[in-house]
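See structure below.
Nothing here was measured: the structure is a model prediction, and the numbers come from that model. For ligands, and for the atoms within them, numbers begin at 1 and follow the listed sequence.
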Amino acid sequence: MQIIRFLEDKKSKEPKWGWISESQIGLIEGSPFFEFRRKPPDRRLESVSLLPPCRPSKIICVGRNYAAHAAEHDTEVPAIPLLFFKPPSSLVGHGAFIELPPQSEQIEHEAELAVVIGKAGRWIRPETAREYIFGYTIANDVTARDLQREDPQWTRAKGFDSFCPLGPWIETDLDPTDLLIACRVNGQIRQMASTHDMVFNLAHLIAYSSAIMSLQPGDIILTGTPAGVSRILDGDTVSIEIEGIGTLENPVRNAVLPPHLST
Ligand code: ZN
């Protein structure tokens, strides 16, 4: 099943849950993470504004989880998963702008498979990790590469508003072990790999993370990006396709600054 969060139109302020059936949407009453009821499809997918398909309490990210990406930055694959966070305020949905902040000269896309946690867990064993997965979606771990090089921690480089496009929906029925990930900028291919090339697999990442912090329903783990990351510029469009899920597409523009900064 494909689960979305959406607004009926641009003016609406009331997010709704829905499920997709042949480009139609049915409402979901309740929360898909807890008790819910599916209503029959009654509106068209194109008629709504998609939101990030979950509301994570935290966005856990994994650095250098594909050997070829570590190599393109002259770094080693870590011996243990390299974890960092993105703030929930960095989330935007399918179709929303990635806003380039003036503090950086080198902002890059990172196409990633995102795992959505379905039930609370702590000290999860790798053998039972699957039971904690609600589904899968697509993330773009947008990164200010120049700022990342300056800082030993990556909060600034990874944390700007709009630096975590997520969606377009959560796919709940999927085998994630060998999915093609492709990232295109303005239609040109930049990244292409299989999730099979991950250094640490999903079960390992869930077990490892949950031994540090409690995972909550709706939390997401971004599982790292393959090689081929490249700069994005004002006017570009970034499309990330993952086999079995769909395509997350976001236009790029320079951040609109408040009046006291935009002289
Ligand atoms: Zn990343």
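Defined by atom type and a distance below 3.5 Å, a donor-acceptor pair is present between the side-chain atoms of S239 and E249. A side-chain N or O of Q106 and one of E108 form a donor-acceptor pair less than 3.5 Å apart.
Heavy atoms from other residues, nucleotides or ligands lying under 6.0 Å from NE2 of H196 number 12 at most.
A side-chain hydrogen bond (donor to acceptor under 3.5 Å, both in side chains) check over residues 94-103, counting only residues at least two apart or in different chains, returns the pairs E99-R253.
Protein nitrogen, oxygen and sulfur atoms, that is N, O or S, within less than 2.8 Å of the Zn ion (ligand 1) amount to 3.
For F163, the ring-ring contact (aromatic ring centres under 6.0 Å, His included) partners are F160, not counting sequence neighbours.
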Could you pull out all donor-acceptor pairs under 3.5 Å where a side-chain atom in residues 35-46 meets a protein atom, sequence neighbours excluded?
unit_1	atom_1	unit_2	atom_2	d
R37	NH2	E29	OE1	3.3
R43	NH1	E8	OE1	3.0
R43	NH1	E8	OE2	2.2
R44	NH1	E46	OE1	2.8

